[in-house]
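Worksheet: the structure to be examined is printed underneath.
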Amino acid sequence: MVKGEWIKKGAVVIDCGINHIPGLIVSENTVLSAKRFLEGHQPGKWNISCTKLNLQKPVPSDIVISRSCVPKPIDRLAREVGLLSDEVELYGKTKAKVQLSIVKRLQAQPDGKYVVVTGITPTPLGEGKSTTTIGLVQALGAHMNLNVFACVRQPSQGPTFGIKGGAAGGGYSQVIPMEEFNLHLTGDIHAITAANNLVAAAIDARMFHESTQSDKALYNRLVPLSGGQRKFSPIQINRLRISVFITRFARLDIDPSSVTWQRVLDTNDRFLRKITIGQSPTEKGYTREAQFDITVASEIMAVLALTSSLEDMRQRMAKMVVATSRSGQPITTEDLGVSGALTVLMKDAIKPNLMQTLEGTPVFVHAGPFANIAHGNSSILADKIALKLVGPEGFVVTEAGFGADIGMEKFFNIKCRYSGLRPHVVVLVATVRALKMHGGGPTVTAGMPLPKEYVEENLELLEKGCSNMRKQIENAQHFGVPVVVAVNGFKTDTEAELDLVCSMAKAAGAYDAVRCSHWAEGGAGAVALGQAVQRASGAPSNFKFLYDLELPIADKIRIIAQKIYGADDIELLPEAQHKVELYTKQGFGNLPICMAKTHLSLSHEADKKGVPTGFVLPIRDIRASVGAGFLFPLVGTMPTIPGLPTRPCFYDIDLDPETEQVNGLF
């Protein structure tokens, strides 16, 4: 009997039945239930079920802890954070990919607070940035009842089987299941390997065919006759717009000595650092020296991390410069005709991967570019989606690789420049042991016991080493963002040492400095840090970039060297000077700078600790990642594929054939 035109849009109609007395009671109870529901569920607030940790002392190994906690079904977590069922692609019970369609659905939603975790200049052991990132989100989500997402990089399998082990955090602050996190995940890195090596194969095949065929033969094979007509593919039509001449269309005329694109493999293998290719008789004497890089060093990984959509990724793939022609023209993947195929290989990898922490809070694991020759940050897409999902009162915590002079500087000057996002807080992770090293302590070597200076109280050494923390706080302040120092505590640290670090951090200009015990206590050990971050997110912020893109290449490098590293000046060696002139001529001079430098010192010399002064930064070479969108100057030499140590981690890794459990990861 109720007509549709009587009802306001959004109204709820309750059918009370024929008898009005029981009907009114039903109606009152329904309204009362709805009222109670609304009172208990704030708009935009997740109703998320967190997992209670069963803390053990001494703290067990990472994989024992990971196994002790049963993860929620990932589809349940997806529903809890507001994802719709058709926006989630399940990869088993503990991981999923998120469709990019969610970006359009949430475009009107205000963003949450954006936090980046970085660190002081580390020891070779690392100072716990990943652990702090996960501990902080567990504190904000499971203990402070806030919407929060962690956005972290996917680790390379090379170090997992080499010397470093896994990268899922540690102790009671981990992404789980850790074996899924560290091994394969959803295959993104394998897709990058396939795409990268397709480009490498296309380069050498094109040079080979051009060297063995005439212009006419090349043209006839590139655009064969079919039914008396030549049919050009869309990518060939794009090249026709550049030149209608057969020679220029068919012959790229690549200078073999200019090829910058290398093959990749996600394995530590030192014997692939320099190789000779083309030694089979079928290659007719066409040989050249080449090399392998590790997959996470591929420009395609950097493209994945910096892209904003499928369309943007396709455009970036097309812009990747792989070599120079003999006439000095840049040769791109579009010129090779392979950029469309690359996008097909990467169509699933572009979707962020959803996982969870030990305490049941959500994590996006997406992209994992190297932090030295690339920018060392997880993907823009994951950050943007997470910021919409958490809402205006929520937090997204991401991590920048290596120390603040490397990963944080690139986070601001490259990632934020392309994303348009503005961070609210910098969390700077410091440890007593690293600060003692910067104060003049003995060399710290991975796999060896720490010298006594690091396990006994030494306030004098510690105070001297705080100069590095002071400089890294100053580096963050160059960008106008409040800094909270997280002192990641170890069992050998004394109360006096922890207090000294906190007081010196505040004196150096940090918004706050707090000690943390999240490795041993999970989110509960980072609640003070979470509270400090929440307060700092409301503090005045005046974000700014370090340099203007319109400046000459050398000036941008000089600004980074002087303001962030503390150098007196830079020195462009002959090859670097040549590249400055070449890239400026080719139109790449306005790209941001991604410094490739050791992470173990503020200077270019890894053994110079503390805050080195009086040095000139030598720029050996400059290379271009045009698709990703940056130039990377090489400071000194560094391997782009690691080697295996005498005793790699793989000695301890095995599979239980009955339970199918992976043993030995750490």
Side-chain angles (χ1 to χ4, degrees), residues 119 121-127 129-130 152-168 170 178 181-185 188-190 192-193 196-197 200 260-275 289-302 304-305 367-378 399-403 406-407 410 443-448 594-601 604-607 620-621 623 625 632 634-653 664-666:
T121 306
T123 68
L125 308 177
E127 308 318 307
K129 289 194 313 298
S130 299
V152 299
R153 290 183 292 167
Q154 179 183 354
S156 164
Q157 285 182 181
T160 299
F161 291 104
I163 196 168
K164 184 173 180 280
M178 69 166 292
F181 180 87
N182 287 300
L183 303 173
H184 304 299
L185 195 56
D188 294 352
I189 290 181
H190 302 317
I192 292 166
T193 302
N196 184 100
N197 292 342
T260 55
W261 194 271
Q262 310 298 347
R263 288 162 172 82
V264 298
L265 189 69
D266 197 33
T267 302
N268 288 7
D269 190 346
R270 66 190 332 119
F271 286 95
L272 295 177
R273 289 172 180 168
K274 181 176 279 192
I275 59 173
E289 278 195 352
Q291 68 184 59
F292 270 77
D293 295 338
I294 198 160
T295 298
V296 292
S298 169
E299 183 176 353
I300 295 176
M301 176 64 90
L304 176 66
F370 249 23
N372 48 14
I373 67 170
H375 66 291
N377 286 265
S378 57
E399 177 194 344
F402 293 151
I406 304 284
K410 295 171 184 179
T443 301
V444 175
T445 306
M448 299 293 290
C594 183
M595 300 292 285
K597 181 187 79 72
T598 178
H599 64 288
L600 297 173
S601 172
H604 57 289
E605 298 177 277
D607 60 341
R620 178 173 62 86
D621 194 2
R623 295 178 188 167
S625 288
F632 58 100
L634 301 175
V635 182
T637 58
M638 63 188 70
T640 50
I641 185 167
L644 290 171
T646 305
R647 192 189 188 285
C649 296
F650 62 62
Y651 274 85
D652 302 310
I653 298 172
L665 278 177
F666 69 94

What residues, two or more places apart in sequence or in another chain, satisfy side chain to side chain donor-acceptor pair (under 3.5 Å) together with [X]?
{"X": "Thr121", "value": "Asn468, Gln472"}
{"X": "Thr193", "value": "Thr295"}
{"X": "Glu127", "value": "Thr123, Thr431, Arg433"}
{"X": "Asn268", "value": "none"}

Qualifying residues under salt bridge (Lys or Arg N to Asp or Glu O under 4.0 Å), relative to [X], sequence neighbours excluded:
{"X": "Asp266", "answer": "none"}
{"X": "Glu289", "answer": "Lys274"}
{"X": "Arg620", "answer": "none"}

Can you run down the salt bridge (Lys or Arg N to Asp or Glu O under 4.0 Å) pairs that involve residues 639-650, sequence neighbours left out, and say none if there aren't any?
Arg647-Asp652
Donor-acceptor contact below 3.5 Å, side chain [X] vs main chain [Y]:
{"X": "Thr160", "Y": "Ser156", "answer": "yes"}
{"X": "Lys129", "Y": "Gly401", "answer": "no"}
{"X": "Lys597", "Y": "Leu634", "answer": "no"}
{"X": "Asn196", "Y": "Ile192", "answer": "no"}
{"X": "Trp261", "Y": "Asn197", "answer": "no"}
{"X": "Arg273", "Y": "Ile641", "answer": "yes"}
{"X": "Asp269", "Y": "Thr267", "answer": "no"}

Find out whether Ile294 and Thr640 are in side-chain contact, i.e. whether some heavy atom of one side chain is under 4.5 Å from a heavy atom of the other.
no
Say you draw a straight line from [atom1] of [X] to [atom2] of [Y]; how long is it, rounded to the nearest 0.5 Å?
{"X": "Met595", "Y": "Thr598", "atom1": "CE", "atom2": "OG1", "answer": "12.5 Å"}
{"X": "Ser298", "Y": "Leu265", "atom1": "OG", "atom2": "CG", "answer": "12.0 Å"}
{"X": "Leu185", "Y": "Gln157", "atom1": "CG", "atom2": "CD", "answer": "10.0 Å"}

Just to verify, what does [X] make a side chain to side chain contact (heavy atoms under 4.5 Å, CB included) with, not counting sequence neighbours?
{"X": "Gln262", "answer": "Ala290, Gln291, Asp293"}
{"X": "Pro648", "answer": "Leu644, Pro645, Phe650, Tyr651"}
{"X": "Ile653", "answer": "Phe161, Val662, Leu665"}

Partners passing ring pair (Phe, Tyr, Trp, His ring centres under 6.0 Å) against Phe632 (at least two apart in sequence or in another chain)
none
Determine, step by step, whether Ser378 and Glu399 satisfy the side chain to side chain donor-acceptor pair (under 3.5 Å) criterion, reporting the C-alpha distance in whole Å, the side-chain angles of both residues, the deciding distance to 0.1 Å, and the verdict.
CA-CA 7 Å; Ser378 57; Glu399 177 194 344; over 6 Å; no
